[in-house]
Amino acid sequence: MPRLSESMTEGTVVRWLCASGTDVVVGDEIAEIDTDKAVVGLTAHAAGVLEIVLPEGGSAAVGEVIARLGNGGQGAGAPEGGEPSAPVPAAASPVAPRSEPPAPLSTASALAPAPPPPRHRHVASPLARKRARELGVDLATVSGTGPGGRIVRTDVEAAGAARQEGPHVGSPRQVVPLTRIQQATARRLADAASIPTFSLTADAQAAALTGLRSTLGELAGPVPTVTDLVVGAAARALRDFPRLNASAADGGVVLHPRINIGVAVETTDGLIVPVVSDADLRAPTALASLSRELVDRARRGTATPEDLAGATFTVSNLGMFGVREFQAVIVPPQAAILAVGAIRTVSGAEGAVPTMTLTLSCDHRVVDGAEAARFLAGIVARIERPIELLLPAPPDPQEDSHDPRHRPSDHDVSPDGANP
Amino acid sequence: MTRTTYARAIGTALATAMRDDERVFVLGEDVSAGGPFTITRGLVDEFGKDRVRDTPISEAAICGIAIGAAQSGLRPVLEIMYIDFLTLALDQLANMAAKAHFMSGGQLSVPLVLRTQGGAGQRAGAQHSQSLESWLCHVPGLKVVMPSRAVDAAGLLASAIADPNPVVMVENKTLYFRSEEVPDTVEPVPLGQAAVLRTGRDVTVVALSGLVPEALHAADALAADGIEVTVIDPRTLVPLDLDTIVASVRRTGRLVIAHEAVRDGGIGAEIAAATGRAAFDHLDAPIERVAAPFEPIAVSPVAEDAYLPRAPQIRDAVLRTLGRELNREGCRLPRPTA
């Protein structure tokens, strides 16, 4: 199982595109793998006869063998008899006594393969297992009273009865399994819980923003969404506040040279955050066309790992649901996230004014309140005067070139507290 | 109902079959005198020496004669005095009787019944006490019945005589002279049909032959402590009524198999494997077997008593399936929680 995204620890074979016994050549797409973020095509990195080890629907940890590429006749397609096809982790020293052991099919050969997680099997009678399935009882929560602590039927039924007597009387609880994306989100947000966070809220008048959007729509497509324009505004503001485009690191802060904005997107499988790279350098229409492609791929489940990698800041917009304001959870290791509320009309001295509320949540280890406030004001200013987004990006204060590839290298760690 | 014994019930069933069908005849060592266990006593008076034939002391000859007679249209019921002596007739039985129908492409059939008896407990020693029924169960072409009750012995003998294939009936010497009640008219018992002798929710005990009454005793003792045991007598080993056993195990989740033959390679292993496969998801404990150790049987009463599995061993096995700590004396058992 190759590592197809940074945070991938396990993958599922959605579909094999070639059958066992197929002669594949380098570059053939042979399978679709569901990582924690997207369904990704797997291409052969060696030629040979394909021997599928992990059937469709099966999951494996990164580094486990999911298929072999052999030279035919030597075991490919002959799973029974001969030597046992041990689940050798990919790239572990091949111990097969054959003269030409089939190459483990994995792009992770350069990475140290994670050892497969230990399988903990509860000691339970077959009947106890059956009853646990029927009652939806997790054997991990049951203590066995049988010989040697074996879980027997009465243990499972007692656990089931105890649960029924709990707060869920009447309707049996339904446990909905998490999709891979939801599992990844849950893991990452649990990490976020340890971040010291503060939030700032500000209102921005949105008349100019919606006006610009309408005007651009009359001129040419694609029409930027409100989210696209907020992303553009935030990206331009980030140029002035590098501490917001940063990550906490041991004893310091990593300032990121590029401004890549993650945009939270709801899909049927869960939350997914495609990344608009170099968002500060793109005009609104360019942002719109890029983000439209990204969102389409995310919703179809065909986002590539590149689509999802490298965000330095995130924007989450729930305005389309009528949410006025909310706090978003920081996506580690980023330093901040901007939550965008609905555009609503506020009556005041100037009459009814379209207004949106922005909430910025920050990692206090990376940025302090005053700087965050100035940054938020910078976003508000750009939203209220969005014409700036149409101008070419101002020259980078530290570089002559606009080419993002020539920006300062990553891992530019400044001592904590120093003003970069 | 009539009070009778297992031995007398078999003799009565033989007489009935001989009366009903003049092709039926009996042969064996000393059968006109009734044999060592009086089963055939009196038959010679009613049916004469032609139909109750004493033979030389040659089990191979007895069996060979019976096969020839059966293939010629008669219905021989031969007696092998002790199952231990079956060794001498095995070539005739396993290679001839069991194979004739198959090897003749169905042209021949061998409708014989071989009666014999096994079992220990009478200080008869290593050569007169064995339980060798699993040997017979291993030969395709033979049917094997092993009843534990007088009514079943009579009913199965009637079905065995009517069956067109060779059937071996394994009786038990310790069961012969117990007083039992049987209906006035004994109906034939179909081959391959188990009897459920007691129904209980906790554990299924499949017991064979001499261990059936022991299992019922154990069930009584366990019931006093609130443990309800189902006792099944398969009655026929080939073909085995697995359905009845599996249906019971699906209810109880626990199975104990008890037979007097040595454990190793015993028919209990076959029943355990077949049930384990058919009822895997219903098993709440490993299948327990109660059987004799893998040793010859001693004449010494002390050694023989220590050797034989009986009700206490069945009770202990039931408790093991329930995960109960065993009390060495077995006098007070923990109350069941379920």
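Please read all numbers here as calculations on a predicted model, not as lab measurements. Reminder, nothing fancy here: chain letters follow the sequence lines and each chain counts from 1. Because only heavy atoms are used, hydrogens play no part in the values below, and waters and symmetry mates are left out as well, while side chains stay in.
What you find for Asp284(B) and Thr154(A) is that their closest heavy atoms are OD2-N, 4.4 Å. Ser125(A) approaches Ala285(B) most closely through the heavy-atom pair CB-N, 4.3 Å. The shortest heavy-atom contact between Pro126(A) and Leu283(B) is CD-O, 3.1 Å.
Surrounding CD of Glu157(A) are more than 12 heavy atoms belonging to other residues, nucleotides or ligands, all under 6.0 Å away.
Side chain of Asp281(B) to main chain of Lys130(A): no donor-acceptor pair is present (N/O by atom type, distance under 3.5 Å, no hydrogens or angles).
Interface remark: Arg150(A) contributes side-chain atoms only to the contact with chain B (heavy atom separation under 4.5 Å).
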